[in-house]
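Okay, structure first, notes after.
Being a predicted model, the structure only gives us computed values, none of them experimental. The basis for the numbers below is simple: all heavy atoms, side chains too, and nothing from hydrogens, waters or symmetry mates.
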Amino acid sequence: MRKIEFAELGGGPVVDGNGVRITGRCYKGPVRVGDFFTEARGGGGKFDVALKVSAVVYHGEFFNEMVKGQSAEIVLTGNGFERVTAGVRLRGLMP
């Protein structure tokens, strides 16, 4: 099993019609396009979410993954994106 973890570090999320874009750092990974975050910690609690990584953007270029220690923007879609707030830490467990 592969643990994934990403923390928002860049001034807050931007919500659009289909999901949310956040800038931050990969703390456990790699985090790949298609991965799911299932837990959001922040805003005073721990919440269950089902957020799919639909894009990884680094300096305006799209990539399939980001590695531990790398900072980039990710685009998330799915259930629970309202729990993605400034300083949120997202976690998941991939097969």
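Within the structure, salt bridge (Lys or Arg N to Asp or Glu O under 4.0 Å) contacts touching residues 10-24 (residues at least two apart or in different chains) are R21-E73.
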Side-chain donor-acceptor distances from residues 74-85 under 3.5 Å, at least two apart:
none

For residues 3-15, tabulate all N or O donor-acceptor pairs below 3.5 Å that involve a side-chain atom, not counting sequence neighbours.
residue	atom	partner	partner atom	Å
E5	OE1	R91	NE	3.3
E5	OE2	R89	NH1	2.5
E8	OE1	G87	N	2.8
E8	OE2	G10	N	2.9
E8	OE2	G11	N	3.2
E8	OE2	G12	N	2.7

Report, one line per pair, each donor and acceptor closer than 3.5 Å where one atom sits in a side chain of residues 31-38; sequence neighbours left out.
residue	atom	partner	partner atom	Å
R32	NE	E65	OE1	2.8
D35	OD1	R2	NH2	3.0
D35	OD2	R2	NH1	2.8
D35	OD2	R2	NH2	3.4
D35	OD2	R32	N	2.8

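Under the side chain to side chain contact (heavy atoms under 4.5 Å, CB included) criterion, K46 pairs with E39, R41, not counting sequence neighbours.
By the rule that hydrophobic residues join a cluster once side-chain heavy atoms approach within less than 4.5 Å of another member, M94 and L90 end up as members of one cluster.
Taking each heavy atom of M66 and G24 in turn, the nearest pair found is CE-O, 4.4 Å.
Under the 4.5 angstrom side-chain criterion for Ile, Leu, Val, Met, Phe, Trp and Tyr, the cluster partners of V57 are F62.
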